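Okay, structure first, notes after.
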Protein chains: 2
Amino acid sequence: MSQKLIAHIKRFVQLTDEEKKILEDYVQTEQYGKKEHLLEAGEVCSKKYFVVNGILRMYNLNEKGVEQVIHFAIEGWWVTDFFSYNSGKPSRVSLQAVEEAEVTVIDASLENELLAKVPKLESYFRQVLERAYAASLMRTHYIFNLSAEERYRSFAATYPDFVQRVPQYLLASYLGFTPEFLSKVRAKKE
Amino acid sequence: MSQKLIAHIKRFVQLTDEEKKILEDYVQTEQYGKKEHLLEAGEVCSKKYFVVNGILRMYNLNEKGVEQVIHFAIEGWWVTDFFSYNSGKPSRVSLQAVEEAEVTVIDASLENELLAKVPKLESYFRQVLERAYAASLMRTHYIFNLSAEERYRSFAATYPDFVQRVPQYLLASYLGFTPEFLSKVRAKKE
DNA sequence: CAAAAAACTTAATGTAGATTAATAAAACAC
DNA sequence: GTGTTTTATTAATCTACATTAAGTTTTTTG
């Protein structure tokens, strides 16, 4: 198991060596190539993914058949479709590696057992979710209060490296406008 | 303490009578009149609120000084500003009762103690957050994939009662368009 | 219940960003 | 390294919704 997950957990709760060992028994590492899918819409999402390296995107299709990026996950983020994961129903979203990615995985069938053995992880996941939820609310706020151009400039200023790593049409989709528009904005002045 | 919180918790974890008693020692009930503030931007948000009755809104001011509704909380929802709550820094959002509201409150200074005594609540809050987070991601998806008019119609179809209870200009703000536009949409056909 | 404030409506005008379409440049595959 | 696919650019036209502003209805308050 990657040390990155251990390091991440350490920022929220302190595990004993014993607990770390137990954790290692319950997670696996997986590798995905560029554009490979971790989950396709229609399948049940039975795993939670921690991104060790690379970038994932969660997306789905709108009525017009256009792919809409709901979310990016980068190093140090957890992703899953909680709707599907918790209900066992087929997912309506897909999860794909934008670039080559390494992930640490926990399976739904094992999670409760793990959490029972290492209750500190309940606290860890709760805290991680608090941050993710707060960030998601803030994103909504930005969507409504910034123009498309402002959204791009503010995002690019906050995540300059990320903006370089990800294809422009995916970034445009994530920020809620067209690639053509992003192209125009970039032409103006970087 | 209201039975509604107990009932809500029961949907996620099973508390013993002993645990319920402990919980009661750590929470309080508060009552807020219409338009009364639970939290004002600039203050530190040191509480988590569970809505027993009524409607709360979380909002902040954009650069133009216009109030933007970030979130509504109705019966059975928890709200807080996690940024402020977890960091102790002043909040940038306000929390206000839209209509007379009764809330069950837990204080930040007591929460860890309570969670230590009743670890099941870690699990409860984790599960509640998973839902809230998933809902927030879905909202983002709707914002980008539905037109303003579709967003209103879909929201009104899903929450017909809520749409009646809340002033139109707040609903418009929450859905990300102007009250004038909502007025026009409603005039067309309900 | 009268006056003031708050919330809602209507209509004219303006604009950010979508759409379409065609071309160009990268990235990929054999 | 040449052909093919994927991604990015540019420009003309179009539209959903914002803005402004004036008027109306509803709610609140003393």
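In what follows, chains are A, B, ... by sequence order, proteins preceding strands, each numbered from 1. No experiment lies behind these values; they were computed from the predicted model shown.
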Checklist entry - Among the clusters formed by ILVMFWY side chains lying less than 4.5 Å apart, do A:I143 and A:Y174 turn up in the same one? => result no
Checklist outcome for this item: In whole angstroms, the gap separating C1' of C:dT9 from CG of B:L182 amounts to 11 Å
Checklist entry - Which is true for A:S183 with a 4.0 Å heavy-atom rule: it touches a base, it touches only sugar-phosphate, or it touches nothing? => result base
Checklist entry - Contact class for A:P167 vs. all strands (heavy atom < 4.0 Å): base, sugar-phosphate, or nothing? => result sugar-phosphate
Checklist entry - B:F177 has an atom CZ; how far is it from atom C1' of C:dG17, in whole Å? => result 19 Å
Next on the checklist: Ring-plane angle category for B:F181 and B:F177, please: parallel below 30°, perpendicular beyond 60°, tilted otherwise.
Outcome noted: perpendicular
Next on the checklist: Strictly below 4.0 Å: does B:K184 bring a side-chain N or O up to OP1 or OP2 of C:dA12?
Outcome noted: no
Checklist entry - Are B:Y85 and B:V51 joined in one hydrophobic group, where the rule is that I, L, V, M, F, W and Y side chains link up if heavy atoms are under 4.5 Å apart? => result no
Checklist entry - In whole Å, what is the span from the CD atom of A:E180 to the P atom of C:dA21? => result 12 Å
Checklist entry - Between A:E149 (CD) and C:dG17 (P), how many Å, whole number? => result 8 Å
Checklist entry - When the distance from CZ of B:F181 to P of C:dT10 is rounded to whole Å, what number comes out? => result 14 Å
Checklist outcome for this item: Taken to the nearest whole Å, CZ/B:F144 to C1'/C:dG17 is 13 Å
Next on the checklist: Between B:I106 and B:L114, does the side-chain contact (heavy atoms from CB on, under 4.5 Å) criterion hold? Intermediate values first, please.
Outcome noted: CA-CA 9 Å; B:I106 170 104; B:L114 170 60; 3.5 Å; yes
Item to check | B:E130/A:K48 salt bridge by N-O under 4.0 Å criterion | outcome: yes
Checklist outcome for this item: Outermost contacting nts on DNA chain D, any atom under 4.0 Å from chain A heavy atoms, listed 5' then 3', are D:dT6 to D:dT10
Checklist outcome for this item: Atom CG of B:N145 and atom P of C:dA18 are separated, to the nearest Å, by 12 Å
Checklist entry - Would one find a side-chain N or O of B:Q168 under 4.0 angstrom from OP1 or OP2 of C:dT9? => result yes
Item to check | Residues, nucleotides or ligands: over 12 heavy atoms within 6.0 Å of A:F144 CZ | outcome: yes
Next on the checklist: Could you tell me how far apart A:L175 (CG) and C:dA16 (C1') are, to the nearest whole angstrom?
Outcome noted: 16 Å
Item to check | Trace of the side-chain hydrogen bond (donor to acceptor under 3.5 Å, both in side chains) decision for B:Y59 with B:Q96 | outcome: CA-CA 8 Å; B:Y59 70 94; B:Q96 187 191 42; 4.8 Å; no
